[in-house]
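Okay, structure first, notes after.
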Amino acid sequence: MFDMNKHREAGQSIFMGSMKGFANTCAVGVTFFVTGPIHSQTVGWVTAYTAWHYGAGWEDLVSFVWFVLVACMAFFVSRASVSTLIMMGGLAVATRLF
């Protein structure tokens, strides 16, 4: 009457969707707290490098682009890290239970 494989796959799909959402939410939080300090510590060097190698006048644009790049890097690194931790944690729990 009920296909147990489809039922199991649906449960796994819901779980994986929830874990992806959790990883994204954690990554947004980490990005919020990490982007500002990293940007403020590195923007001086990046704008000086830009002015030295590409000429003056690009500093404002490069500063904004650098902020966006730092935010993207922080988000994707933290999302990959949280996703890996979730998967490793899930495997550790599964191996202990079964």
What pairs meet the side chain to side chain donor-acceptor pair (under 3.5 Å) rule with one or both residues in residues 17-26, with sequence neighbours excluded?
-> Asn24-Arg79
Sequence neighbours left out, what pairs pass side chain to side chain donor-acceptor pair (under 3.5 Å) with at least one residue falling in residues 45-65?
-> none
Minimal non-hydrogen separation, Pro37 against Ser40, with atom names = O-OG, 3.0 Å
Heavy-atom closest pair (Ala74 atom, Thr31 atom, distance to 0.1 Å) is C-OG1, 3.7 Å
What residues form a side chain to side chain donor-acceptor pair (under 3.5 Å) with Thr42, not counting sequence neighbours?
-> Trp66
Linking directly or through intermediates, with side-chain heavy atoms under 4.5 Å: list the remaining ILVMFWY members grouped with [X], chain and number order.
X	answer
Phe75	Val28, Phe76
Val77	none
Phe32	Phe33

Cluster overlap [X] with [Y], hydrophobic side-chain contacts below 4.5 Å:
X	Y	result
Met73	Val46	yes
Val65	Val70	yes
Ile38	Val62	yes
Val43	Val34	yes

Look up atom CE in Met19 and atom SG in Cys26, then write down how far apart they are to the nearest 0.5 Å.
-> 9.5 Å
Rounded distance (nearest 0.5 Å) linking atom CG of Leu69 with atom OG1 of Thr35 = 11.0 Å
